Amino acid sequence: MQQEGGWEYLGEDGPEETKKNKSTGATFILLGFSEYSDFQVPLFMVFLTIYMVTVAGNLDMIMIIRINPKLHTSMYFFLSHLSFVDFCYSSVVNPKLLGNLVVEDRTISFIGCIMQFFFLCIFAVAETYMLAAMAYDRFVAVCNPLLYTVAMSPKLCLFLVAASYSWSIVSSLTFTYFLLTLSFCETNFINNFVCEHAAIVAVSCSDPYISQEIILVSATFNEISSLMIILTSYIFVFITIMKMTSTGRRYKTFSTCASHLTTITIFHGTILFLYCVPNSKGSGIMVKAASVFYTVVIPMLNPLIYSLRNKDVKEAVRKLVNTKLPCHKL
């Protein structure tokens with residue numbers, strides 16, 4: 001900073017640099033469910049139960065798939081990574097959510113908020129393409145069963161999983177970069193329980209247009225590309241199923257896809273509503289409800305859906321229980 005003629009000269013980048021420095025020291029306050037002061041304890045118990053079920057369900061799913069040789073197929077390989085993503089996804093959100101329900105200090109630092117958003121994006125995008133990879137796996141299994149083992153080779157499965165993680169990191173870095181171009185005041189009240197993009201840009205002191213457009217275009221691209229893979233795969237799957245002459249075989253084949261279709265409907269329906277429908281951003285209550293659904297509820301539902309509807313998983317669980325807890329004859 002230089003002194004010229006009795007006034008301070010900041011230089012061409014001075015004001016912008018001051019804004020950036022101010023943003024890095026900003027503090028965010030996650031309002032969460034503070035408006036429901038009488039329900040803080042019940043909400044804490046509900047979310048704690050959901051989180052415990054989520055952690056137990058997803059870690060158990062990973063363990064069962066890893067220790068059971070019968071489940072060492074491409075379908076369960078993708079499912080184990082889906083469980084891993086759900087576990088991480090839930091663990092990014094729930095600890096802070098639970099803490100804010102029992103303490104009055106709901107602050108989170110600028111760096112903490114940005115890091116939460118960064119990891120949320122990684123796991124959300126990774127789940128999007130993991131579900132697409134699972135749809136392609138079902139397409140090969142149903143439409144080309146004789147070539148399934150060859151077509152879905154371990155090398156291809158590893159490539160699809162690595163590609164999902166890699167693209168999710170690239171997408172998250174892009175979203176975070178444009179979010180960091182915004183400036184924030186010292187104290188910012190976020191009307192949500194999580195550092196979600198729409199809630200963060202709502203408290204920005206600068207114009208968030210570019211950041212909003214980037215995430216809208218990117219989210220739309222991710223949804224369209226993944227849904228195109230899913231829809232194309234299942235169109236061929238349904239055509240193949242309808243050509244089957246045996247009703248029993250037709251029902252059995254469709255049931256193997258039912259769990260995946262249920263997961264896709266819940267996950268993509270929520271994401272489309274939250275990010276790709278502009279009018280859905282207008283209501284803070286609706287955004288908060290959708291955020292609860294896709295960050296808290298969906299990671300719990302996925303292992304339950306697959307374990308309750310999947311015969312192989314239920315059989316593996318039964319064998320594991322019988323091995324660990326043998327019945328003693330009287």
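Keep in mind that this is a model prediction, so the values were computed, not measured.
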Rounded to the nearest 0.5 Å, how far does [atom2] of [Y] lie from [atom1] of [X]?
| X | Y | atom1 | atom2 | value |
| --- | --- | --- | --- | --- |
| S80 | M75 | OG | CE | 11.5 Å |
| E104 | S34 | CD | OG | 11.5 Å |
| T262 | L301 | OG1 | CG | 10.0 Å |
| N188 | S204 | CG | OG | 8.5 Å |
| I62 | I64 | CD1 | CD1 | 10.5 Å |
| M134 | S164 | CE | OG | 11.0 Å |

What about [X] and [Y], same hydrophobic cluster or not, with Ile/Leu/Val/Met/Phe/Trp/Tyr joined at side-chain heavy-atom distances under 4.5 Å?
| X | Y | value |
| --- | --- | --- |
| I235 | M228 | no |
| F139 | I239 | no |
| L59 | I305 | yes |
| Y165 | F159 | yes |
| L227 | F238 | yes |

Main chain of [Y], side chain of [X]: is a donor-acceptor contact present, judged purely on distance under 3.5 Å?
| X | Y | answer |
| --- | --- | --- |
| S166 | A162 | yes |
| S153 | T149 | no |
| S172 | C121 | no |
| N58 | P299 | yes |
| Q40 | V102 | no |
| S225 | N222 | yes |
| T181 | F178 | yes |

Shortest non-hydrogen separation from [X] to [Y] and the atoms involved:
| X | Y | value |
| --- | --- | --- |
| T176 | F118 | OG1-CD1, 3.4 Å |
| V142 | C257 | CG2-SG, 4.4 Å |
| K96 | T107 | NZ-O, 2.9 Å |
| V296 | N94 | CG1-OD1, 4.0 Å |
| S233 | I229 | OG-O, 2.7 Å |
| I298 | E127 | CG2-OE2, 4.2 Å |

Does [atom1] belonging to [X] count more than 12 external heavy atoms closer than 6.0 Å?
| X | atom1 | answer |
| --- | --- | --- |
| F254 | CZ | no |
| L231 | CG | yes |
| F44 | CZ | yes |

Could you walk me through whether T232 and Y136 pass the side chain to side chain donor-acceptor pair (under 3.5 Å) test, one step at a time?
CA-CA 9 Å; T232 303; Y136 177 73; over 6 Å; no
Less than 6.0 Å separating the ring centroids of F193 and F33?
yes
Are [X] and [Y] close enough that a side-chain donor and a side-chain acceptor fall under 3.5 Å?
| X | Y | result |
| --- | --- | --- |
| D137 | S74 | yes |
| S91 | Y51 | yes |
| T73 | Y148 | no |

Looking at side-chain heavy atoms only, is the closest gap between [X] and [Y] below 4.5 Å?
| X | Y | result |
| --- | --- | --- |
| L31 | N192 | no |
| F47 | M52 | no |
| L82 | Y306 | yes |
| M300 | S90 | no |
| C157 | F78 | yes |
| E196 | L120 | no |
| F189 | V203 | no |
| V140 | L147 | no |

How far apart are the C-alpha atoms of F117 and H197, what are their side-chain angles, what is the distance that settles it, and do they pass the ring pair (Phe, Tyr, Trp, His ring centres under 6.0 Å) test?
CA-CA 7 Å; F117 170 76; H197 186 269; 5.8 Å; yes
[Y] and [X] aromatic ring geometry - parallel, tilted or perpendicular at 30°/60° bounds:
| X | Y | answer |
| --- | --- | --- |
| F28 | F184 | perpendicular |
| F84 | H81 | perpendicular |
| W167 | F221 | perpendicular |

For ring pair (Phe, Tyr, Trp, His ring centres under 6.0 Å), just list the numbers for H260 and Y234, CA-CA rounded to whole Å, side-chain angles, deciding distance to a tenth of an Å, and then say yes or no.
CA-CA 11 Å; H260 186 234; Y234 274 108; 5.8 Å; yes
Full working for side chain to side chain contact (heavy atoms under 4.5 Å, CB included) between C113 and I200:
CA-CA 9 Å; C113 193; I200 296 175; 3.9 Å; yes
Assess the residue pair H268 and T128 against the criterion (side chain to side chain contact (heavy atoms under 4.5 Å, CB included)); give the C-alpha distance rounded to whole Å, side-chain angles, the decisive distance to 0.1 Å, and a yes or no.
CA-CA 8 Å; H268 282 280; T128 299; 3.7 Å; yes
Given I108 and N100, is the side chain to side chain contact (heavy atoms under 4.5 Å, CB included) satisfied, shown in steps?
CA-CA 10 Å; I108 182 172; N100 287 346; over 6 Å; no
Show, in sequence, the C-alpha distance, side-chain angles and deciding distance for F123 and S168, and conclude whether the side chain to side chain contact (heavy atoms under 4.5 Å, CB included) test is met.
CA-CA 7 Å; F123 298 123; S168 68; over 6 Å; no
